[in-house]
2 protein chains.
Amino acid sequence: MKLTTKGRYAVMAMADLASNINSGPISLREISLRQNISVAYLEQIFIKLKKRKLVKSSRGATGGYLLEKPASEIRISNIIFAVDEEVKMLNCKKNSKKGCNNKTTKCITHNLWDELDQHIHQFFEKVKLQDLVKKELN
Amino acid sequence: MKLTTKGRYAVMAMADLASNINSGPISLREISLRQNISVAYLEQIFIKLKKRKLVKSSRGATGGYLLEKPASEIRISNIIFAVDEEVKMLNCKKNSKKGCNNKTTKCITHNLWDELDQHIHQFFEKVKLQDLVKKELN
DNA sequence: CTAATTCCTATTAAAATAGTCGGATTTAAA
DNA sequence: TTTAAATCCGACTATTTTAATAGGAATTAG
Ligand code: FES
Ligand code: FES
């Protein structure tokens, strides 16, 4: 699979935004300080989050980022896919008829990875950003 | 997580063994040909599988590997952990009281990754090697 | 003996990930 | 109108991980 610090950072940063929803735009510098992630790296992540319409930005001094939608409408899967592009357990191309190693039939493990894929996907679909923030308050 | 070609190859190779259970010891060369994996790479994998008592070997000409237990008693998790060592979604040390970035409290996403960990673990626990071989026959 | 195999360690090659750098543009406020 | 703080953008570099190879030693059936 592909779950790297980039994906983790993205979720952390989004949770940070969600926790500070009433403070106007949040600058990357603030997130950087709170979450211990370099501003330059956060920039890369937020470009992608913005492309997927998960956050909106305002530029200039006092600028920063805000959630584009309520935290209750943002799924973890949205965030992960925004920055990591894909969860790929399969070795072969999903929609090709060829298996891995360019064989004409699917390999014996194909179904296993496919099911795992769905499993993980469902997990990320189920959890919303709001759930993380709630948990923190407990 | 850590699911790389090494883990995939290991499952493929074990499934290969399970499918050819009645042919005496299977050499890595045979597996190599059938599954398109280099013998030298398979060697590395089988050393680990053997350490975890998933396969047994016989040396010399006509030597090779056999499953140490029936395919119905080998879980995918056994195989994955044998070669990949760990499934780690968490950024922090699981048994440390410190969070990631050496903070004194767990980060806001800690529980999320922990739950995902368990989710994947359960999936791999549930499926047995035997299940793969059966599916192939369908 | 010989050929085929497991066994073992080390090294290299390739790919993916993480993170930096330098600057351009925008904007609120001094 | 200047300044400082911010987003925006593209390219680059460094680091780590993964994949794979190399070169033998030990074992054993035929
Ligand atoms: S993973 Fe799809 S054919 Fe092997
Ligand atoms: S993942 Fe455990 S504290 Fe961040």
Side-chain angles (χ1 to χ4, degrees), chain A residues 1-13 17 23-33 35-68 80 83-89 91 100-101, chain B residues 1-13 17 23-33 35-68 80 83-89 91 100-101:
Chain A
M1 198 185 39
K2 235 168 134 191
L3 184 53
T4 61
T5 67
K6 196 168 231 162
R8 275 198 283 257
Y9 284 171
V11 176
M12 286 172 80
L17 280 193
S23 326
I26 313 285
S27 71
L28 296 186
R29 198 173 145 273
E30 294 174 69
I31 299 178
S32 168
L33 292 173
Q35 310 296 338
N36 252 282
I37 311 167
S38 84
V39 171
Y41 203 25
L42 281 171
E43 282 176 1
Q44 287 184 18
I45 291 167
F46 273 80
I47 294 280
K48 296 190 175 191
L49 293 173
K50 198 184 169 190
K51 260 187 205 149
R52 297 293 188 103
K53 304 223 185 302
L54 298 176
V55 298
K56 57 190 166 189
S57 64
S58 58
R59 304 185 64 176
T62 78
Y65 289 92
L66 286 173
L67 293 183
E68 171 86 42
I80 298 288
V83 298
D84 273 348
E85 276 109 45
E86 52 178 348
V87 172
K88 65 158 192 192
M89 309 295 334
N91 205 11
C100 40
N101 304 119
Chain B
M1 198 184 39
K2 234 167 135 192
L3 185 53
T4 61
T5 67
K6 194 168 233 163
R8 275 199 282 257
Y9 284 171
V11 176
M12 286 171 80
L17 280 192
S23 327
I26 311 286
S27 72
L28 296 185
R29 199 174 144 273
E30 293 175 70
I31 299 177
S32 168
L33 293 173
Q35 310 297 338
N36 251 283
I37 309 168
S38 86
V39 171
Y41 203 25
L42 281 171
E43 283 176 1
Q44 289 182 16
I45 291 168
F46 273 80
I47 294 279
K48 295 189 175 192
L49 292 174
K50 198 183 169 191
K51 261 188 206 149
R52 297 293 188 103
K53 303 221 184 305
L54 298 177
V55 297
K56 56 189 167 190
S57 64
S58 58
R59 303 185 66 175
T62 77
Y65 289 92
L66 287 172
L67 293 184
E68 171 87 42
I80 298 287
V83 298
D84 275 345
E85 276 109 43
E86 53 178 347
V87 172
K88 65 158 194 191
M89 309 296 334
N91 204 12
C100 42
N101 305 119

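Fair warning: this is a prediction, and the values are worked out from it, not measured in the lab.
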Rounded to the nearest Å, what distance is computed from the [atom1] atom of residue [X] to the [atom2] atom of nucleotide [N]?
| X | N | atom1 | atom2 | answer |
| --- | --- | --- | --- | --- |
| B:I26 | C:dT6 | CD1 | C1' | 15 Å |
| B:R8 | D:dT18 | CZ | C1' | 12 Å |
| B:Y41 | C:dC7 | OH | C1' | 18 Å |
| A:K56 | C:dT26 | NZ | P | 21 Å |
| B:N36 | D:dA20 | CG | C1' | 14 Å |
| B:K6 | D:dT17 | NZ | P | 14 Å |
| A:L66 | D:dT7 | CG | P | 11 Å |
| B:K51 | C:dT6 | NZ | P | 17 Å |

Hey, is the side chain of B:Q44 pairing donor to acceptor with the base of C:dT9 inside 3.5 Å?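 Not at all, since no donor on one side and acceptor on the other fall under 3.5 Å apart.
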Can you tell me whether the side chain of B:E43 and the base of C:dT5 have a donor-acceptor pair closer than 3.5 Å? no
Rounded distance (nearest 0.5 Å) linking atom [atom1] of [X] with atom [atom2] of [Y]:
| X | Y | atom1 | atom2 | result |
| --- | --- | --- | --- | --- |
| A:I31 | A:F46 | CD1 | CZ | 4.0 Å |
| B:K48 | B:Q44 | NZ | CD | 7.5 Å |
| A:L17 | A:M12 | CG | CE | 12.5 Å |
| B:R8 | B:I37 | CZ | CD1 | 11.0 Å |
| A:L28 | A:L33 | CG | CG | 11.0 Å |
| B:L49 | B:S57 | CG | OG | 11.5 Å |

Earlier contact from the 5' end, DNA chain C, for B:F46 and A:T5: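 Upstream on the strand: B:F46.
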Does B:A61 or A:S58 map to a spot on DNA chain C nearer the 5' end, using the closest nucleotide for each?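 It is B:A61 whose nearest nucleotide is closer to the 5' end.
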Five-pair end axes of the helix from C:dC1-D:dG30 to C:dA30-D:dT1 and the angle they enclose, rounded to 10°: 0°
Classify the angle between the aromatic ring planes of A:Y41 and A:Y9 as parallel (below 30°), tilted (30 to 60°) or perpendicular (above 60°).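 It falls in the perpendicular class, over 60°.
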Side chain of [X] (C-beta onward), nearest among [options]:
| X | options | answer |
| --- | --- | --- |
| A:T4 | C:dT25, C:dT6, C:dT17 | C:dT17 |
| A:S38 | D:dC8, C:dT20, C:dC7 | C:dT20 |
| B:R59 | C:dG19, D:dC8, D:dA26 | D:dA26 |

Side-chain touch B:L66/B:K56, heavy atoms, less than 4.5 angstrom: yes
Report yes if at least one side-chain N or O of [X] is closer than 4.0 Å to OP1 or OP2 of [N]; otherwise report no.
| X | N | value |
| --- | --- | --- |
| A:T62 | D:dA6 | no |
| A:S27 | D:dT7 | no |
| A:Y9 | C:dG19 | yes |

Contact class for B:K50 (heavy atom, under 4.0 Å): base, sugar-phosphate, or nothing? sugar-phosphate
Base, sugar-phosphate, or nothing: which does A:Y65 touch, judged by heavy atoms less than 4.0 Å apart? sugar-phosphate
